[in-house]
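Just the heavy atoms: all of them, side chains too, but no hydrogens, waters or symmetry mates, feed the values below. Naming convention: chains lettered A, B, ... in sequence-line order (proteins, then strands); numbering from 1 in each chain. Everything quoted here is computed from the prediction, not taken from an experiment.
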Number of protein chains: 4
Amino acid sequence: MGEHSADVAPKGKAAPRRTSIGGRRNPASASAILEAAEAILSETGLAGFSIEAVARRAGAGKPTIYRWWPNRSALLMDVYARQKETVLRVDTGTLEGDLVELLTRLFAFWRDTPAGATFRSIIAEAQSDPASLAALQSFLADRRAYVGEVVARGIARGDLPPKADLPSLVELIFGFAWMRLLTGDIAAPDADHVPDALPARVRLLLRGAAATA
Amino acid sequence: MGEHSADVAPKGKAAPRRTSIGGRRNPASASAILEAAEAILSETGLAGFSIEAVARRAGAGKPTIYRWWPNRSALLMDVYARQKETVLRVDTGTLEGDLVELLTRLFAFWRDTPAGATFRSIIAEAQSDPASLAALQSFLADRRAYVGEVVARGIARGDLPPKADLPSLVELIFGFAWMRLLTGDIAAPDADHVPDALPARVRLLLRGAAATA
Amino acid sequence: MGEHSADVAPKGKAAPRRTSIGGRRNPASASAILEAAEAILSETGLAGFSIEAVARRAGAGKPTIYRWWPNRSALLMDVYARQKETVLRVDTGTLEGDLVELLTRLFAFWRDTPAGATFRSIIAEAQSDPASLAALQSFLADRRAYVGEVVARGIARGDLPPKADLPSLVELIFGFAWMRLLTGDIAAPDADHVPDALPARVRLLLRGAAATA
Amino acid sequence: MGEHSADVAPKGKAAPRRTSIGGRRNPASASAILEAAEAILSETGLAGFSIEAVARRAGAGKPTIYRWWPNRSALLMDVYARQKETVLRVDTGTLEGDLVELLTRLFAFWRDTPAGATFRSIIAEAQSDPASLAALQSFLADRRAYVGEVVARGIARGDLPPKADLPSLVELIFGFAWMRLLTGDIAAPDADHVPDALPARVRLLLRGAAATA
DNA sequence: ACGTAAACGAGACGGTACGTCCTGTCTTAGT
DNA sequence: ACTAAGACAGGACGTACCGTCTCGTTTACGT
């Protein structure tokens, strides 16, 4: 297979030939492994993502990977955990503006960084691996809570009545975002010509939430 | 091979020893393969779904599978195509009733038949295989069209104003359903105790759609 | 694989479950593979000799075999190399006695050990694989040199004139032995009844060699 | 594999689209098969010689081949039987001349026609297939008888005493020829520079035979 | 004259083996 | 104790052939 030699070549940083630093974990190895994993994921997708390929590209031994991550899924989750630290804080003054901005920036984040490919892979992985599914669920709860806060802020601002069906609103927002990601439908809006559908989705959701009070 | 009889055994119908029926496709082999694939998928999930395993269980030769399906994804799509013929026709008299019924039955279909596991696998597969993604998109478009009809019927009935934002409504419905499936959250509603969240989601969407007119 | 135990069973020594012994070749695996190869060869001949069968019987992974032997022919050569260490040293006092004894013992070796089947296989393999042919040629040169020494000793003893056509003699001896092997004509002489043809062949060759001086 | 399309292309005679000629063997098919077999054998050797390849090249169905030849070996023997009709008749006036001429022409025949590759393949095949071995033995007996006649003629001419050990002589001649074939050592003699070893071999054998009287 | 029988090409069938890739475990040798 | 390295058993990949089977067609022969 052609990609084997290719995996090694683009390394770039000249393989600094790490070694043990004594009886404890070498952070350089850990980050080399995560970086290699991320690079492979964004370049070849989940298909090319194997422990073997990561080890090769990171210049690490396979057992070093298996010592710290029990399996492929765990490594995958760590790769995403490392990326998602980019938190998307928004405050446009209105709830509708906040949600549109949030989703727009989320789609941009998924589109323009390896995070999108990584997250798609995690969702895929979760379909066959229960541990990954659990991790995904807890991650999702975390993110829902954050969006919940954004919405709560909107309620405090009076953009939405206090008794609005917040859980439904939040769940539907995530459903929308995920489906767009999973069907590859997160292209940037073509500013002038095609009216972006995203604001329409948000508007429907907010009016529905307002009406459920 | 005699030593694989253990793999074949759970099949049930005693492996009637198919053979060629001349220079054309043997439908018995095709369906044996699809049935074996479906069974494996629902029993072990995508992880245990290998061409080799399907061949073993179907009592078929690997080349026979490769002759008719270029790869794992194609076989997967065919398995789903075979199942999805179960169309969920609903007519409760109101749009809200129709949508709640539709989603309830869809979740039951996913929960109680191999179709759920299969469809989760297809979505997962689509994350690494472009051809599968394309197939999934076209399937999705098809299903969206059907739900669009249900909604249009509601509009005709006066359950929704004619200018309601139908595309947003439909997309958000699917996003909701998919996310529930992918996060394993399609348990049957516990009739008395836990109030089912599903009708709340539908209500929010319909009120939002009504308000977008 | 459990279901292949039938293949493993006749092995005898219960498959001690080898594993890696670190970043270097495990000699236990190497010899298990060679022994399995030899056993298969002598039991089923070249027809049943497949890498897959050897791996199965040796309890080894196929990649382990391919790691150390590039192809079937190379493994075959190694099997013979392992057997041919049985060197046939003779010294009866006369050249004629030496050659008769040498050939008699060679035929017995071919007849009574797996070496005969192995060597037949190697010659067969060399007819389609150039690398095997080269290996065979070099092996043959080696063996010719040894017989050349036996003859030279005979010349030193005066059993043959110094100017005898040694190369012709040696080549004709090997041609005789090979053809007997390849046509399956190396049965043990039936001591009393059938006069053994072997001494007659040797006598003709030696008289001819003596006359070429 | 590249050679598949190549197998079909060089056919030359434009594939006259044979078909059945009624309830009996179609000789055109038989010869097309034998010709294809011969061509494959001489081009790719025994390694590329498969029933499938022959059928492809001959434009024949596999069952047509299996109908008339029980297996690969039988087809192989027929290919050689077809070629060996070229009988090498010699008469130089002396026995030594006859034998040198015979062997020289035999080597040329093996070298310059597909017969050499075919015969090597047959000998190889006989090492794993008992039926082929039997056929080879009977063919060899036939050829030995012919050479026996040549030698008998020499005896009649007085080139060898009547009591010479004819069986030894004949067997040694064939052993010599076969080993040369099997080790690929049948190059044409380099007329001027390298003294050809062949006459020396014949001379030794004839002097030895003369001395065994 | 026509139906039957056999041969034909084609190619699908259940299989075996190929040689390659990856998995997760293990051991070594070196910090 | 931890590292890079890499061998190990195992198993799936996708391909080539095996030898068998059935098809639909094409003759020739015996009614």
Side-chain angles (χ1 to χ4, degrees), chain A residues 1 3-4 15 17-26 28-29 50-53 55 58-68 70-72, chain B residues 1 4 15 17-26 28-29 50-53 55 58-68 70-72, chain C residues 1 4 15 17-26 28-29 50-53 55-56 58-68 70-72, chain D residues 1 3-4 15 17-26 28-29 50-53 55-56 58-68 70-72:
Chain A
M1 273 220 284
E3 67 263 39
H4 286 164
R17 177 61 185 167
R18 292 178 310 280
T19 178
S20 172
I21 55 169
R24 63 191 199 285
R25 186 170 189 173
N26 184 343
S29 286
S50 67
I51 297 289
E52 193 115 358
K62 276 199 293 174
T64 302
I65 299 182
Y66 280 108
R67 192 177 340 268
W68 302 110
N71 50 50
R72 191 173 101 137
Chain B
M1 272 215 289
H4 291 126
R17 177 59 184 169
R18 293 178 307 277
T19 180
S20 170
I21 55 166
R24 65 191 199 285
R25 186 169 193 174
N26 185 343
S29 286
S50 67
I51 298 289
E52 196 119 359
K62 271 200 293 176
T64 300
I65 299 183
Y66 283 108
R67 183 159 20 242
W68 301 110
N71 51 50
R72 195 175 93 138
Chain C
M1 275 217 284
H4 292 126
R17 177 59 187 167
R18 292 179 309 278
T19 180
S20 170
I21 55 168
R24 65 191 201 287
R25 185 170 193 174
N26 184 343
S29 285
S50 68
I51 297 289
E52 197 118 357
R56 216 147 45 212
K62 271 200 293 176
T64 301
I65 299 183
Y66 282 108
R67 185 165 10 251
W68 301 111
N71 51 50
R72 194 173 96 138
Chain D
M1 272 218 284
E3 67 262 39
H4 288 166
R17 179 57 188 167
R18 290 180 310 280
T19 179
S20 171
I21 56 168
R24 63 189 203 288
R25 186 170 192 174
N26 185 343
S29 285
S50 68
I51 298 289
E52 196 116 357
R56 213 153 38 218
K62 276 200 292 175
T64 302
I65 299 183
Y66 281 108
R67 188 168 3 252
W68 303 111
N71 51 50
R72 192 173 99 141

Whole angstroms only, please: what is the [atom1]-[atom2] distance between [X] and [N]?
X	N	atom1	atom2	value
B:Ile65	E:dA12	CD1	C1'	14 Å
B:Ile51	E:dG15	CD1	C1'	16 Å
D:Ile21	F:dT25	CD1	C1'	15 Å
C:Arg24	F:dC8	CZ	C1'	13 Å

Nearest of [options] to any side-chain atom of [X]?
X	options	result
D:Asn26	E:dT28, F:dC23, E:dC8	E:dC8
B:Tyr66	E:dC26, E:dG19, F:dC13	F:dC13
A:Pro63	F:dA5, E:dG15, E:dC13	F:dA5

Exercise. With DNA chain E as reference, determine whether B:Arg67 or A:Ser50 sits nearer its 5' end, using the nearest nucleotide of each.
Key: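 Residue closer to the 5' terminus by nearest nucleotide: B:Arg67.
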Quiz item: Between C:Arg72 and B:Thr19, who's closer to the 5' end of DNA chain E by nearest nucleotide?
Solution: B:Thr19
If I compare all heavy atoms of [X] with all of [Y], which pair ends up nearest, and what's the gap?
X	Y	value
D:Ile51	D:Arg72	CD1-CA, 4.2 Å
C:Tyr66	C:Pro70	CD2-O, 4.1 Å
C:Gly61	C:Ala55	C-CB, 4.4 Å
D:Ala58	D:Arg18	O-NH2, 2.8 Å

Give a yes/no answer on whether the side chain of [X] brings an N or O atom under 4.0 Å of OP1 or OP2 in [N].
X	N	value
D:Ser29	E:dG9	yes
C:Trp68	F:dG6	no
C:Thr64	F:dA9	yes
D:Arg18	E:dG9	yes

Exercise. Using the closest heavy atom to pick a nucleotide of DNA chain F for each, name whichever of B:Pro70 or D:Glu52 lands nearer the 5' end.
Key: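 So the residue in question is B:Pro70.
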Self-check item: Check: D:Arg67 side chain, D:Arg25 main-chain N or O, donor-acceptor pair, under 3.5 Å
Solution: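 Answer holds: no.
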Quiz item: How would you label the contact of D:Ala60 with the nucleic acid (heavy atoms, under 4.0 Å): base, sugar-phosphate, or nothing?
Solution: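 D:Ala60: backbone/sugar contact only, no base atoms under 4.0 Å.
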Quiz item: Any donor-acceptor pair under 3.5 Å joining the side chain of A:Lys62 to the base of F:dG6?
Solution: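 Such a pair does not exist between side chain and base.
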Quiz item: Under 3.5 Å, is there an N or O donor on one side and an acceptor on the other linking the side chain of B:Ser20 and the base of F:dT22?
Solution: no
